[in-house]
Amino acid sequence: MGNKEDSKTHTVLNSESYGITMGASISNLSNNIDMIIKKKDNLTGNVSCVSWDGKGELKWTTSGCETEIDNNTIKCSCSHLTFFAVLMSPPDVNSTVPDLETLTFITSIGCGISMFFLAVALFMHFLLRKAKSNQATKILMNMFVALSLLNVSFLSNESVANTGDNAACVFIALLLHYSMLASFTWFFIQALHMYLWLIRQNVSITNYMRKITVLGWAFPVPIVIAIASVGEYTTVILKATSGKISRMCWITNSYIHYIVNIGYYALVFVFTTGIFITILTKIVQARNIKATDGKRKTFRKQLMMVLSLFLLFGLTWSVAFFSYGPMLIPSYYIFTVLNSLQGFFLFLYYYHIHNDVAGSFSDDPDSTDSTTTIAQSSINAEENIYH
C-alpha cells in the first residue's frame, strides 16, 4: 500500500492513538497485531489504519497496516510494533451542486406547505366528501397520497442520512424512489382518464377504478425491490459551492438514475404532452360554445384550464430536461419552486372544482360494480372542457 501523510483534511478518529513498542524496531511479524476500534454512529467519512515510527516530525503512513471495516467497528491489522491510529478523511463527494443551500431551503419550505394543504385536501375528501366523489376525484386523491409520501420521505431524508444507520437509509431511499415513481404513474393515469373521457369516448372497461389503482401503486414495486436487492440505495454526499457537505439517501448509480427515473418520466411526459396538446385543441374548438361570454372571462377560464392540466399531468417536472448550459441555475430554481409547491397548487385546483364550478359538469361515467362505460357526445365533451 502507498504512503499517506496526514494533512488538514485528516483527523485522528476519536482523538486517540496507541503505542506498542519493545525498545527496538520490530517489523515483518509472521502474525499481525490486531486492534479493534469503535467508531461513533454519527461519524461518516473514509477511514484508514496508520502508524508512525516515533522519530522526528509526526507523519502517519499506511505502510504495513491493513484496514477492515464492519459497520461501526474498525479492525487494524499491522505487521510491526510502533504508534498506531485511525485517520478519518472527509467522505467522497458524489457531486457539487450550485446554490445547494438556497435550493434546499426553498424545497423544505415548499414541501412543508404542500404537505399541509395535501393533508387538508385528503381530510376534506375522506371525512367530508367521499360519498360524493367521482372517478376523477378518486384519481386525484390517489395522486395526493403519492405526493404526500414523496414530500414526507424527502423532508425526512437528510435527517435519516445523518444518523449513519444503513438500514434506515435504504428504507427512506426506497420510499422516496417508490413515491416518486408512483407520482409519475398517477400523472400518466390522470392523462389516460382525460383521454378516455374527453377524446376516445364510448369505452367500456371492466373494473376500471380497480385496475388503474393497482397500476398506480403496484407498478413501481418491482423496480424499487430490484434496485434495493443490488444495493444501490445508500448515502449520497452532496457538496455546496460554499464547501458545506449535505447527505441524502438515494441511488448512487447514475446509469440507474437516468434509465429508471429520467427514462420513465420521459415516456410519461411524451404521453401526457400528447394529451395536453389534444385538449388544448379542444379548448380552441370550445370557444364557439359560449360566444356570449366576455373575452376576458373566457381567456381567464382557458388559462386556468391550461395551468390545471400542467399540474395534473406533472408537466412541471419536465423543467429538469432544460438543466444544461446557461439554463442550469434558472432551471434548478424553476423546478424547485414549481414542484415543491405542486401539492399546494393542486389543493387550489381541488378546492376550486368542488366549490366554484361544482355541478356544472360531471366526469363520473356510467358505472356498475363490474363495468365502467365512458360515453358522451363530442359537444358535451367540449362543453366540459370549457367549464
* **From CA spacing to verdict: ring pair (Phe, Tyr, Trp, His ring centres under 6.0 Å), Phe117, Tyr350** => CA-CA 11 Å; Phe117 284 99; Tyr350 171 76; over 10 Å; no
* Should Leu176 and Met248 be marked as a side chain to side chain contact (heavy atoms under 4.5 Å, CB included) after you check the CA-CA gap, both sets of side-chain angles, and the distance that decides it? -> CA-CA 11 Å; Leu176 177 63; Met248 72 174 296; 4.1 Å; yes
* Please test Thr102 against Tyr333 for side chain to side chain contact (heavy atoms under 4.5 Å, CB included), starting from the C-alpha separation and ending with a verdict. => CA-CA 9 Å; Thr102 305; Tyr333 279 93; 3.5 Å; yes
* Kindly indicate, with the supporting measurements, whether the criterion side chain to side chain contact (heavy atoms under 4.5 Å, CB included) is fulfilled by Trp317 and Gln342. => CA-CA 10 Å; Trp317 288 72; Gln342 186 177 19; 3.1 Å; yes
* Decide side chain to side chain contact (heavy atoms under 4.5 Å, CB included) for Leu147 and Leu150; before the verdict, give the C-alpha distance in whole Å, the side-chain angles of both, and the deciding distance to 0.1 Å. => CA-CA 5 Å; Leu147 289 173; Leu150 181 62; 4.3 Å; yes
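Both Phe126 and Leu346 sit in one connected hydrophobic cluster of ILVMFWY residues. Membership requires side-chain heavy atoms under 4.5 Å apart, directly or through other members. Cluster annotation: Val160 and Val152 are assigned to distinct hydrophobic clusters (Ile/Leu/Val/Met/Phe/Trp/Tyr, side-chain heavy-atom contacts under 4.5 Å, transitive). Under a hydrophobic-cluster definition in which Ile, Leu, Val, Met, Phe, Trp and Tyr are linked whenever side-chain heavy atoms come within less than 4.5 Å, directly or via other members, Val145 and Val214 are assigned to different clusters. The cluster map of Ile, Leu, Val, Met, Phe, Trp and Tyr, joined by side-chain heavy atoms under 4.5 Å apart, puts Leu267 and Ile275 in different clusters. Taken together through direct or relayed side-chain contacts under 4.5 Å among Ile, Leu, Val, Met, Phe, Trp and Tyr, Val319 and Met327 form parts of separate hydrophobic clusters.
The side-chain contact (heavy atoms from CB on, under 4.5 Å) test with Thr107 is passed by exactly one of Val337, Asn339, Thr336: Thr336.
The line from CG of Leu341 to CZ of Phe347 is 14.0 Å long, rounded to the nearest 0.5 Å. Atom OH of Tyr265 and atom CE of Met180 lie 11.0 Å apart (nearest 0.5 Å). Between Leu309 atom CG and Leu280 atom CG the span is 7.0 Å, to the nearest 0.5 Å. For the atom pair CD1 (Ile227) and CD (Glu232), the distance works out to 8.0 Å, reported to the nearest 0.5 Å. Rounded to the nearest 0.5 angstrom, Phe345 CZ and Ser308 OG are separated by 11.5 Å. In this structure, Tyr332 OH and Ile106 CD1 are separated by 14.0 Å, a value rounded to the nearest 0.5 Å.
Between Trp186 and Ile212, the shortest heavy-atom distance links the atoms CH2-O, 3.7 Å. Scanning both residues, Pro220 and Leu181, for their nearest heavy atoms gives CB-CB, 3.7 Å. In terms of heavy atoms, Pro330 sits closest to Pro326 at CD-O, 3.6 Å. Across all their heavy atoms, Phe187 and Leu312 have their closest contact at CD2-O, 3.7 Å. Of all non-hydrogen atoms in Leu149 and Ser153, the two that sit nearest each other are O-OG, 2.8 Å.
Side-chain atoms of Gln190 never come within 3.5 Å of backbone atoms of Ile139 as a donor-acceptor pair (strictly under, hydrogens ignored). Judged purely by atom type and a 3.5 angstrom limit, Thr235 has no side-chain atom pairing as donor or acceptor with the backbone of Ala161. A distance-only check finds a donor-acceptor pair linking the side chain of Tyr178 to the backbone of Trp217 [under 3.5 Å]. Under the 3.5 Å distance criterion, the side-chain polar atoms of Ser323 are matched with a main-chain donor or acceptor of Ala320.
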For residues 253-260, which side-chain N or O atoms pair as donor and acceptor with protein atoms under 3.5 Å away, sequence neighbours left out?
unit_1 : atom_1 : unit_2 : atom_2 : d
Asn253 : OD1    : Tyr255 : N      : 2.8
Asn253 : OD1    : Ile256 : N      : 3.3
His257 : ND1    : Asn261 : ND2    : 2.9

Donor-acceptor list for residues 168-175 side chains, cut-off 3.5 Å, not counting sequence neighbours:
none

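Side-chain atoms of Phe154 and Met115, non-hydrogen and from C-beta on, never get closer than 4.5 Å to each other. With a 4.5 Å cut-off on side-chain heavy atoms, Met35 and Cys78 count as touching. By the 4.5 Å heavy-atom criterion applied to side chains, Phe313 and Met194 are counted as neighbours. Inter-residue side-chain proximity for Phe276 and Thr272 is flagged as unmet; no heavy-atom pair is nearer than 4.5 Å. Within the 4.5 Å cutoff, the side chain of Phe310 has no heavy atoms near those of the Leu338 side chain. Taking the side chain as every heavy atom from C-beta outward, Thr104 and Ser246 never approach each other to under 4.5 Å. In this structure the side chain of Phe271 reaches within 4.5 angstrom of the side chain of Leu192, judged on heavy atoms. Between Cys49 and Ile74 there is a side-chain heavy-atom pair separated by less than 4.5 Å.
The aromatic ring centroids of Phe219 and Tyr264 lie less than 6.0 Å from each other.
Side chains of Ser77 and Asp34: a donor on one and an acceptor on the other come within 3.5 Å. Between the side chains of Asn134 and Thr137, a donor-acceptor pair is found at a separation under 3.5 Å. Under the 3.5 Å distance criterion, with hydrogens and angles disregarded, no donor-acceptor pair is assigned to the side chains of Asn157 and Trp250.
More than 12 heavy atoms of other shown residues, nucleotides or ligands fall within 6.0 angstrom of atom CZ in Phe321.
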